[in-house]
Amino acid sequence: MAKVSANYALANSAGYKFDIVKMGHHNYDQLAFYYKDDFPDVEVTRPDALVDMGRVHETCLVSVNGYVHSTVWSDNRFYIPFGTRSMLRSRQNSVGIVSLAGLSDTITKHPITSAMVFEDVGFSPYERVLITMPVAIEKPILIMAGYIVMENPEYFFRISDTTFVLRLDRLHYVEKLYELTTQRDIFRDLEVPVSDHNPTVVDGALIRSLGVIRKFLSTHNSFMVDLHTNGIQTQKVYTQHTTVPGTFRTGVRPVMPLFVGYGKLCEYKRVHDADGRHTVSVQDPTYSNHLFTQANIKATEVFNDHRKPGDRLRLSSAFFLDIYKET
């Protein structure tokens, strides 16, 4: 049997070009680009190669600085909605493309609305919520505020053709909220009040509530992907740390999506070394060692971004996720 896998490419190094735009508007005043907040979206082209960008929209997942965004194909133009916001806040502009073309002829990206998210009887929303889609989903991938969540009996599984159970307590939900703050004002987006004295202090019961979780699962880069195929399998392939932070070594050809931190997709560059192995380099190889991770998160009343003194940041492990099927 032949094995077919999802492929990853760093769009910045593959000839793709990016322009900040506002979808549906044509700007003729170059000075207007000084106010970049007025242009929240990113248009992607590949001028030096004949590429069907509509096909990219139909078969690929696109990430901006480690977080997957939905894409729009309109009037023969390919957009990443709200991609500029991440670039402005983080001061980074890496775009990655995960091609699923070998696994499925086309994928469908279904938006999730708050009305599709329900509390599961007998459980708190932090422990279990139900996501009910309006149509049957053949093979799901959940994109959760940019994080890729594959179907798994431990934390994301189906109970019918249209309904899925999601366990945020097993997916580092609170840690992800703080990890997201480098890319977006996530607490403002979720309408969670913060302290006047410390903008990282939030009410624990509130961020675990159904209302906030509904907003989290229906934000602009939360959606359900249907691969329209069966037989999909996944395997983690861990890399080896090096003495240089941000670089990892591997014996496998690095063409798969790479994950670091609390599960974010990581754009990377690769080098083929003389010994036949490969070195991959990433921009952000660390994750925060929050003090609240030492407590009972289900009972914590107030969260903040305080980290362990003398051990604030840790070097993350990194693994490739081989998403494949055998044909």
Side-chain angles (χ1 to χ4, degrees), residues 10-12 16-23 25 27 32-44 61-72 78-98 143-148 172-202 207 212 215-223 245-246 257-269 281-290 303-307 312-313 316:
L10 179 63
N12 307 56
Y16 289 89
K17 303 299 181 183
F18 317 103
D19 291 293
I20 62 172
V21 298
K22 184 176 182 180
M23 288 190 298
H25 294 261
N27 181 62
F33 286 105
Y34 181 81
Y35 301 99
K36 295 179 176 59
D37 288 330
D38 294 336
F39 301 90
D41 313 307
V42 174
E43 182 180 6
V44 184
L61 298 177
V62 177
S63 64
V64 178
N65 297 327
Y67 297 92
V68 176
H69 284 58
S70 186
T71 57
V72 172
F78 182 78
Y79 301 101
I80 307 173
F82 304 109
T84 304
R85 291 184 180 180
S86 171
M87 293 178 176
L88 290 176
R89 186 174 178 89
S90 66
R91 302 300 178 185
Q92 299 174 353
N93 59 351
S94 295
V95 175
I97 298 177
V98 179
I143 307 301
M144 186 178 70
Y147 291 93
I148 293 178
H172 299 290
Y173 165 64
V174 180
E175 292 91 330
K176 281 179 166 63
L177 291 180
Y178 282 100
E179 191 171 54
L180 278 164
T181 59
T182 63
Q183 304 294 325
R184 60 192 293 188
D185 191 347
I186 186 64
F187 295 126
R188 184 194 65 181
D189 293 346
L190 300 181
E191 299 179 358
V192 172
V194 298
S195 168
D196 292 335
H197 305 289
N198 184 344
T200 73
V201 175
V202 294
I207 65 173
V212 169
K215 293 171 186 174
F216 181 71
L217 294 176
S218 59
T219 187
H220 65 83
N221 62 336
S222 290
F223 52 97
L258 182 72
F259 292 82
V260 298
Y262 288 108
K264 71 175 180 178
L265 179 64
C266 191
E267 291 86 13
Y268 63 89
K269 294 183 178 180
S281 303
V282 304
Q283 281 189 319
D284 183 11
T286 63
Y287 68 96
S288 294
N289 188 18
H290 293 108
F303 289 99
N304 58 46
D305 196 25
H306 294 173
R307 289 165 283 184
R312 298 172 65 252
L313 295 174
S316 171

Can you sort out the partners of [X] under side chain to side chain donor-acceptor pair (under 3.5 Å), two or more places apart, ordered by chain and number?
X    : answer
S195 : none
N221 : R184
D19  : none

Donor-acceptor pair, distance only, cut-off 3.5 Å: does the side chain of [X] make one with the backbone of [Y]?
X    : Y   : value
T84  : D41 : yes
N12  : N93 : yes
Q183 : R89 : no
S86  : G83 : no

Closest non-hydrogen atom pair between [X] and [Y], with its separation:
X    : Y    : answer
V194 : P199 : CG1-O, 3.4 Å
H69  : P81  : CD2-O, 3.3 Å
P285 : P245 : CG-C, 4.3 Å
F216 : S222 : O-OG, 2.9 Å
V95  : E267 : C-CG, 4.0 Å

Before you tell me yes or no, could you show the steps for I148 and I143 under side chain to side chain contact (heavy atoms under 4.5 Å, CB included), namely the whole-Å CA-CA distance, both residues' side-chain angles and the distance that decides it to 0.1 Å? CA-CA 5 Å; I148 293 178; I143 307 301; 3.8 Å; yes
For a side chain to side chain contact (heavy atoms under 4.5 Å, CB included) check, start with the C-alpha distance between M144 and K176, then their side-chain angles and the critical distance, and finish with the verdict. CA-CA 10 Å; M144 186 178 70; K176 281 179 166 63; 3.9 Å; yes
Distance flag, aromatic centroids of Y178 and F303, threshold under 6.0 Å: no
Is the ring pair H220/F82 parallel, tilted or perpendicular, if the boundaries are 30 and 60 degrees? tilted
Would you call the rings of Y262 and H172 parallel, tilted or perpendicular, where under 30° means parallel and over 60° means perpendicular?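 Y262 vs H172 ring planes: tilted.
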Under 3.5 Å, is there a donor-acceptor pair linking the side chains of T286 and D284?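 Indeed, the side chains of T286 and D284 share at least one donor-acceptor pair under 3.5 Å.
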Which residue, V192, V202, T200, I207, forms the side chain to side chain contact (heavy atoms under 4.5 Å, CB included) with L177?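 Single side chain to side chain contact (heavy atoms under 4.5 Å, CB included) partner of L177 among V192, V202, T200, I207: I207.
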Are any of the side-chain heavy atoms of [X] and [Y] separated by less than 4.5 Å?
X    : Y    : value
N65  : M87  : yes
F259 : L265 : yes
K22  : D38  : no

Nearest 0.5 Å please: distance from the CG atom of L180 over to the CG atom of D185. 11.0 Å
Before giving the answer on side chain to side chain contact (heavy atoms under 4.5 Å, CB included), spell out for F18 and I80 the whole-Å C-alpha distance, their side-chain angles and the decisive distance to 0.1 Å. CA-CA 10 Å; F18 317 103; I80 307 173; 5.6 Å; no
Evaluate the side chain to side chain contact (heavy atoms under 4.5 Å, CB included) criterion for residues V260 and K264: first the C-alpha distance (whole Å), next the side-chain angles of each, then the deciding distance (0.1 Å), finally the verdict. CA-CA 6 Å; V260 298; K264 71 175 180 178; 3.9 Å; yes
